[in-house]
Amino acid sequence: MTKNIFIASAEPYTGKSVIAFGMVNMLLSKTQKVGYFKPIIAEDDLTQKEAHLEAILDHFSLPIAYNDTFAFTRQQILQSPNSENTNEMINTVITKYKKLEDNYDFTVIEGSDFLGEGIAFEFESNALIAKNLGAPIIMVVTGKDKTAIQLVTKAINIYRNFLQRDLQVLGIVANMVDPGDVNDIRDALTAQLPAEVMITVIPMESGLQSPTMKEITTALNARVLFGEELMANQVDNFVTGAMMLPNFLNHIKENVLILTPGDRGDIIIGSLQANLSANYPKVAGIVLTAGTLPDEPMLRLIEGLQAVIPIIAVDYGTFETSTRIGAIHSKISKDNKKKIELAIDVFERYVDMQVLDDKIITFQYEGITPHMFQYQLVKWAKSQKKHIVLPEGNDERILKAVERLISQDIVDITLLGDQLEIATSIKRLGLNLDINAINTHNPAQSSHYNEYVETLYELRKTKNVNMEMARDMMTDVSYYGTMMVYKGHADGMVSGAVHTTQHTIRPALQFVKTKPGVSVVSSIFFMCLPERVAIFGDCAVNPNPTAQQLAEIAISSAESSARFGIEPRIAMLSYSSGTSGEGEDVERVREATAIVKARHPELKIEGPIQYDAAVDPAVGKQKLPGSEVAGRASVLIFPDLNTGNNTYKAVQRETGALAIGPMLQGLNKPINDLSRGCTVDDIFNTVVITAIQCQDL
């Protein structure tokens with residue numbers, strides 16, 4: 001049985017970092033303890049961290065010290081190629097690797113990068129390391145600047161070289177392939193390789209190849225004049241501004257970098273204005289060449305503009321600058337979250353993860369870890385794509401979350417608000433989000449407006465709502481979004497980033513109503529603790545629930561727990577455990593527990609029980625010996641809103657736990673509320689769980 005896998009290449013710039021990110025992400029969905037080891041790193045200056053390695057550790061929060069993730073720099077290996085030093089090198093690698101292996105269930109090993117001289121020796125070193133670590137290989141070859149025949153020939157030769165060294169190749173990844181050659185390459189490799197070798201062909205993905213303004217600035221050793229806060233802008237192409245402005249404007253493409261001497265004020269101002277215009281694509285940045293800068297009045301003009309794009313200056317001429325930019329190989333760094341997410345998405349789109357999973361050993365745990373849970377949520381949401389309406393369409397956090405949701409193809413989205421304002425915000429924020437990939441509705445101008453008004457009037461006329469009131473209410477985004485869900489024009493709604501909880505859920509309570517047999521709407525949080533995921537309810541809606549309401553909250557929470565893959569073991573929390581305490585509050589919890597047991601005798605439930613007895617096995621065993629729940633509770637029901645809200649926030653702040661929610665339960669249709677202090681991650685996660693709720697309808 002294997003506890004590791006070796007990602008190997010035999011040439012530079014194969015894009016194996018995509019496989020590395022995807023592999024770690026996949027494994028973390030199966031097991032909690034995943035190690036990462038790169039025996040030979042390319043960074044010779046040990047005061048600097050290798051960007052890719054640092055990005056892996058940072059993105060996945062792997063608890064590994066940077067210096068424990070590698071054994072040697074590439075230069076150290078090349079300086080001592082004799083057999084005695086090679087043996088010493090292997091011994092050092094094995095020693096460092098074993099320290100990781102002992103602490104992790106699975107370790108991903110990445111081979112070296114083949115940058116510069118000594119490629120043949122480097123291949124031998126990688127093969128020797130893989131063999132001594134007993135690691136099967138995933139082999140990566142690049143299709144960039146190769147014909148289909150050249151790529152297939154290269155892949156077969158590398159595969160045979162590994163076989164000659166008694167190494168097992170689990171799969172071959174042909175990366176950065178011309179889209180037109182994908183099928184031919186897959187067919188050729190399948191025909192010439194054994195059936196047990198997994199074949200993956202990944203077409204060229206421009207978003208992974210394009211450098212950022214920060215990478216270009218570093219490579220050119222440029223001076224940043226303006227827009228330092230926008231250095232994450234991605235550059236997909238560049239153009240030289242050496243022509244007259246009207247003709248030049250025709251050459252502006254999406255995410256273009258403009259090269260021009262600093263004395264071409266017309267090109268500079270024209271580029272800035274084009275970036276602001278809704279009729280031109282986004283400009284990624286400007287490079288002022290030949291050591292020339294704009295005159296002082298021009299600099300003041302640029303500085304006074306509200307929407308500045310990055311402007312950098314170099315001493316090279318325009319031709320040399322363009323040559324240097326063309327030679328840049330973009331890397332995935334820890335601060336480029338978009339590129340990391342794209343790398344993982346590309347892996348999941350093109351690698352048959354079930355086949356790969358069958359070929360490597362992973363471990364199943366009782367319960368579910370936070371990373372497993374989040375991975376599973378996205379997988380569930382993607383399995384049956386749903387349509388979610390977001391009423392607060394112009395909020396920056398909402399738009400950033402939508403960018404992630406759309407790029408990963410998790411849900412369909414409708415944003416409420418003015419389409420032009422939303423498009424302007426998307427451009428201002430530099431988001432890679434096509435306004436045509438989402439639906440936008442301005443309630444008062446919508447073709448559904450009159451229909452929705454009529455429906456609202458019919459639903460609420462017995463509650464003293466007249467037609468004029470219905471018209472006014474339907475201009476409110478919360479009412480409009482809720483009506484979309486009620487009418488089936490959207491599957492679910494998420495709001496609350498700007499509006500209060502009451503504003504968000506009032507329309508739902510008025511006409512979406514509760515499910516049959518449910519009298520109370522409640523909420524839960526998925527608390528992603530360091531070692532497990534627990535459910536906290538109700539921490540957001542009901543201030544002082546009765547015993548009957550507490551019982552309903554517990555039952556709804558148990559159903560939600562089971563739906564999201566967490567075995568429900570319910571703890572009805574109080575300041576007393578078992579029969580040790582008395583008082584009105586304890587009796588209310590005791591009565592609620594009895595109601596749940598009577599209605600659902602199959603549920604595992606304990607109450608009243610104190611928090612420590614519910615979650616700590618030692619305390620639980622002492623206070624309630626023989627209990628199925630004590631010390632192992634997965635669903636914790638708080639006696640009132642004051643206790644629940646404060647506890648979830650205390651646990652979140654003190655442990656660093658991720659709190660996903662609140663998720664409302666009990667409504668006929670999924671409507672979920674956000675906190676006004678929510679983050680982009682909060683919005684992303686809430687939309688995902690809302691989409692999963694929609695699948696049950």
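Only this structure's heavy atoms are used, side chains among them; waters, hydrogens and symmetry mates stay out.
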Self-check item: Residue Lys338 excluded, over 12 heavy atoms near NZ under 6.0 Å
Solution: yes

Quiz item: Is the distance between the ring centroids of Tyr452 and His489 less than 6.0 Å?
Solution: yes

Quiz item: In chain order, what residues pass the salt bridge (Lys or Arg N to Asp or Glu O under 4.0 Å) check against Arg676, with sequence neighbours excluded?
Solution: none

Quiz prompt | Geometric cation-pi criterion, Lys49 with Tyr66: 6.0 Å, 45° | solution = yes

Quiz prompt | Residue pairs fulfilling ring-ring contact (aromatic ring centres under 6.0 Å, His included) with at least one residue in residues 632-665, sequence neighbours excluded | solution = Phe525-Tyr648, Phe536-Phe638

Quiz item: At what distance, to the nearest 0.5 angstrom, does CE of Met474 lie from OH of Tyr449?
Solution: 8.0 Å

Exercise. Ignoring hydrogens and angles, tell me if any N or O in the side chain of Glu392 forms a donor-acceptor pair with the backbone of Ala497 under 3.5 Å.
Key: yes

Self-check item: Asp105 CG to Gln32 CD distance, which is reported to the nearest 0.5 Å
Solution: 8.5 Å

Exercise. For the residue pair Ser330 and Glu215, confirm or rule out a side-chain donor-acceptor distance under 3.5 Å.
Key: yes

Quiz item: Can you name the side-chain contact (heavy atoms from CB on, under 4.5 Å) partners of Asp58, sequence neighbours left out?
Solution: Lys334, Lys337

Quiz item: Taking the six-membered ring for Trp, are Phe21 and Phe347 ring centroids under 6.0 Å apart?
Solution: no

Self-check item: Side-chain donor-acceptor pair present, Thr414, His441, cut-off under 3.5 Å
Solution: no

Self-check item: Side chains of Gln610 and Tyr575, donor plus acceptor under 3.5 Å
Solution: no

Self-check item: Side-chain donor/acceptor of Lys427 to backbone N/O of Asn275, under 3.5 Å
Solution: yes

Quiz item: Between the side chain of Asp538 and the main-chain N/O of Val541, is any donor-acceptor distance below 3.5 Å?
Solution: yes

Self-check item: Ser634 (side chain) donor-acceptor with Arg569 (main chain) under 3.5 angstrom
Solution: yes

Quiz item: Ignoring hydrogens and geometry, is there a side-chain-to-backbone donor-acceptor pair from Ser407 to Arg404 under 3.5 Å?
Solution: yes

Exercise. Report the distance from atom CD of Glu567 to atom CZ of Arg632, rounding to the nearest 0.5 Å.
Key: 6.5 Å

Quiz item: Looking at CG of Leu664 and CG of Leu509, how far apart are the two atoms once the value is rounded to the nearest 0.5 Å?
Solution: 8.5 Å

Quiz item: Roughly how far, to the nearest 0.5 Å, is the CD1 atom of Ile505 from the CE atom of Met493?
Solution: 10.0 Å

Quiz prompt | CD1-CD distance between Ile344 and Gln408, expressed to the nearest 0.5 angstrom | solution = 8.0 Å

Self-check item: Asn544: side chain to side chain donor-acceptor pair (under 3.5 Å) partners, not counting sequence neighbours
Solution: none

Quiz item: Judged by atom type as modelled, is there a donor-acceptor pair below 3.5 Å linking the side chain of Asn233 to the main-chain atoms of Ala284?
Solution: yes

Quiz prompt | Heavy atoms of other groups near Lys382 NZ, more than 12 under 6.0 Å | solution = yes

Exercise. Under the side chain to side chain donor-acceptor pair (under 3.5 Å) rule, what do Tyr480 and Ser446 come out as? Steps first, then yes or no, please.
Key: CA-CA 10 Å; Tyr480 187 93; Ser446 167; 2.5 Å; yes

Practice problem: Ignoring hydrogens and angles, tell me if any N or O in the side chain of Asn646 forms a donor-acceptor pair with the backbone of Asn642 under 3.5 Å. | Solution: yes

In a table with atom names and distances, give each donor-acceptor pair under 3.5 Å that connects a side chain of residues 415-422 to protein atoms at least two apart or in another chain.
{"unit_1": "Asp418", "atom_1": "OD2", "unit_2": "Leu420", "atom_2": "N", "d": "3.1"}
{"unit_1": "Asp418", "atom_1": "OD2", "unit_2": "Glu421", "atom_2": "N", "d": "2.9"}
{"unit_1": "Gln419", "atom_1": "NE2", "unit_2": "Thr440", "atom_2": "OG1", "d": "3.4"}

Quiz prompt | Sequence neighbours excluded, every pair satisfying salt bridge (Lys or Arg N to Asp or Glu O under 4.0 Å) that has a member inside residues 492-507 | solution = none

